**Q** 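This structure is in structure tokens; I'll ask about it shortly.
Just so you know, ligand 1 is whichever comes first in the structure, and atom 1 is the first atom listed for that ligand. Note that this is a predicted model, so its numbers are computed, not measured.
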Amino acid sequence: MKLKLDGHSTALILEQTDDDDIHWSWFGPASLAEMATPAGFQRLPASPDQPVGPSLMPGHGRGFHGIAQIEAFCATTRRRVQLGQPELRQNGDALHIAARDDHLGLEVGTTFKFQGDALVITTTLNHTGQSPIDLIRAASALPPAPDWANEVVTHAGAWGREGYEARRSWTTGRVEQLGRGGRPGFDGGPTLSLTEAGAGENRGRWLTAHLAWSGPFRMAVEKATDGSAQILAERRFAPGEIRLEPGEELDLPAVMLTVSESGLNTIRRALNTAIRSMGRSLVRPVHFNTWEARYFDVTEAGCIALAQDAAGLGAERFVLDDGWFKGRRNDQTSLGDWTVDPVQFPNGLGPLITAVQQAGMEFGLWLEPEMVSPDSDVYRAHPDWVLGWPQEPLPTGRNQLVLDLALPAVADYLFESISALLDANEISYLKWDCNRDLYPAMRDGIERPGAQTKALYRLLDRIRSNYPVEIESCASGGGRIDAGIARHTDRFWASDATDAIDRLRIQRSTGLIMPHERLGAHVGPSPNPMTGRQIPMSFRVLTAFFGHFGIEADPGHFSPDEKAVLQRGIEFYKSHRNWMHEGQLVMASEPGDDPDVQLLVSDDGARAFARVMRIDTPKRPLPSRVRLAGLTADARYNLVEYALAGDPVEWPIGEYSGAGLMAEGLALDPGRALSGRLIYLERTA
Ligand code: GLA
């Protein structure tokens, strides 16, 4: 039996053969589905008499030594889980496979469903037996890796320096990306791609898997000696973390799988579109965030002055970052005591919020609810609320400890503290931070990082369903950006790096998963506090232009010329954001290329912005041709340059075909280091 599922232009074919194995016959362009791999395993020399291979839901014990669907055992009988033959069926627009261990009563069911061109795979374990089952690991998805794949691409990075592409050749064995820190981390998180050598943004084959999960994970590819290969995506369990009791069910995190014959841009579009459909569609106001303007030095008078300056530049939302709550003057105290500091804000937040609103802005507030400072009232009252080793010193990180969110008393305390702030003040936005990993994610000697992740999702939902607030997810910048938390939040702080050169790289890599309008991109100070680089305002504005625009610097330090550039950039942004925020980000250059060339193309293809950013002095004095991407080949476009300074504001460039702009390009290189150009394209035919 062969069953086929169609996405927008991708198809999946699963086939169940007479020997009852389920084969993944095709996952690729629907137009090429006739190339599906025939089902069945070949009998190889010196191998099992009943041929085995990686059918779906594989197990060990019959001669298959690849990755099994599940590794688990019954704690009472010590018997290992062994799934029987799986069954395949179709139910409307979904395919299901299910297998069962009849002795232990464990059922495993996987559902495949397209969301556009992203195949979403969900797996559930259901314990119908009598004795508890301990899980060692369980795959959310275990599809075969295609034969053409000979490179693995992930990302590498650390705090403030996220987003470096990491490519390695892969011909045999296993390549694994592990997240042990309890948050996905700064190194790309649960995303892994396979390519063929030479594949890039606009060429070559790619297959990308992303796990919608904000806790520990394992993403791997493994090639067996017979040449077959598997892709593994799963939540990582700590030893002893999961014991399924009779009657219990466990949902494993969803996996999003996408494939492209024509470069990474196709993958980006499919993943962005699928993640967009999980979230709320919002008009995104221009932010002003106090952090890099004031750090911990926030006071009522200082913030009112900042708010007035920010509004004058065009900001529409004022976010009061760290430093506003009781006793918080540095990063050593007070997390957990979510009441307004009586010294810095003697009249509460009311006067500041009124001033913010009078200046025409909304008000947002920073919180770090999952954390507690040892030097805080709440910790002194409830030292038993934190995660840690029993009877051992508690390891701090940024001087803080982690609350056990899975404890109902903790979740209630946080909900009530946040509710009190939201009830007493007109706060429409929360910046929700998480500034350390979970080590150990332990209570009573049992590690439970997954319970922490699920409790976090519940708390976010509880707040969003009781209050009309938007929530930004931040984890020291890009430490927790994934499709799991995207369902429960509205925006991400992409990185603590506000250096515009670093940001070009970071927003490109994070934008592979997360739609650009959900990525906070702020104009920071110059010289940049982290890198010391002095970067012109126009370059900083253009970098922020392709994300959710904001300002993260003291406007009092901007020169009149800088202010004028910023104001003009914000005006452009406001008049185009509606289509930009529903459009697609397309890379016309490869990571690390100079100039960096990106386009934002409207959903209907009728208009686009092309942004060309020159980082270093070009090697050649004559301008090089810049080729665009993501346009419609047989359409014609009128091109106009938008100038951030001087007159006129708009410079006509000319009218050209999409094919010409993509194949030949134009002399659009800005030519000077640290300069950029913004070109508006409108379709004329
Ligand atoms: C983290 C965030 C920053 C800022 C600080 C405040 O580093 O990423 O944006 O909010 O915390 O302490």
**Q** Mind jotting down which residue pairs meet the salt bridge (Lys or Arg N to Asp or Glu O under 4.0 Å) criterion with at least one end in residues 417-433? Sequence neighbours excluded, please.
**A**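 Listed by first then second residue: D321-K431.
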**Q** Tell me the ring pair (Phe, Tyr, Trp, His ring centres under 6.0 Å) pairs involving residues 393-416, sequence neighbours left out?
**A**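 Counting only pairs at least two positions apart or across chains, the ring pair (Phe, Tyr, Trp, His ring centres under 6.0 Å) contacts touching residues 393-416 are W385-Y413.
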**Q** Check whether NZ of the Lys or CZ of the Arg R611 lies under 6.0 Å from the centre of the six-membered ring of F546 and within 45 degrees of that ring's axis.
**A**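 Pair R611/F546 counts as cation-pi.
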**Q** Just how far is it from atom CG of N347 to atom CZ of F345, taken to the nearest 0.5 Å?
**A**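 Nearest 0.5 Å value for the CG-CZ distance: 10.5 Å.
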**Q** Parallel, tilted or perpendicular: which one describes the rings of F545 and Y573, with boundaries at 30° and 60°?
**A**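 Ring orientation of F545 relative to Y573: perpendicular.
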**Q** Give the protein residues with at least one non-hydrogen atom closer than 4.0 Å to an atom of ligand 1, ordered by chain and number.
**A**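 W291, D321, D322, W366, R398, K431, D433, N435, C474, S476, G477, W493, D496.
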**Q** When the side chains of residues 393-402 are checked against the rest of the protein, which donor-acceptor pairs come out under 3.5 Å, sequence neighbours left out?
**A**
from	atom 1	to	atom 2	distance (Å)
N399	ND2	D331	O	3.2
N399	ND2	D331	OD1	3.0
Q400	NE2	E368	OE2	2.7

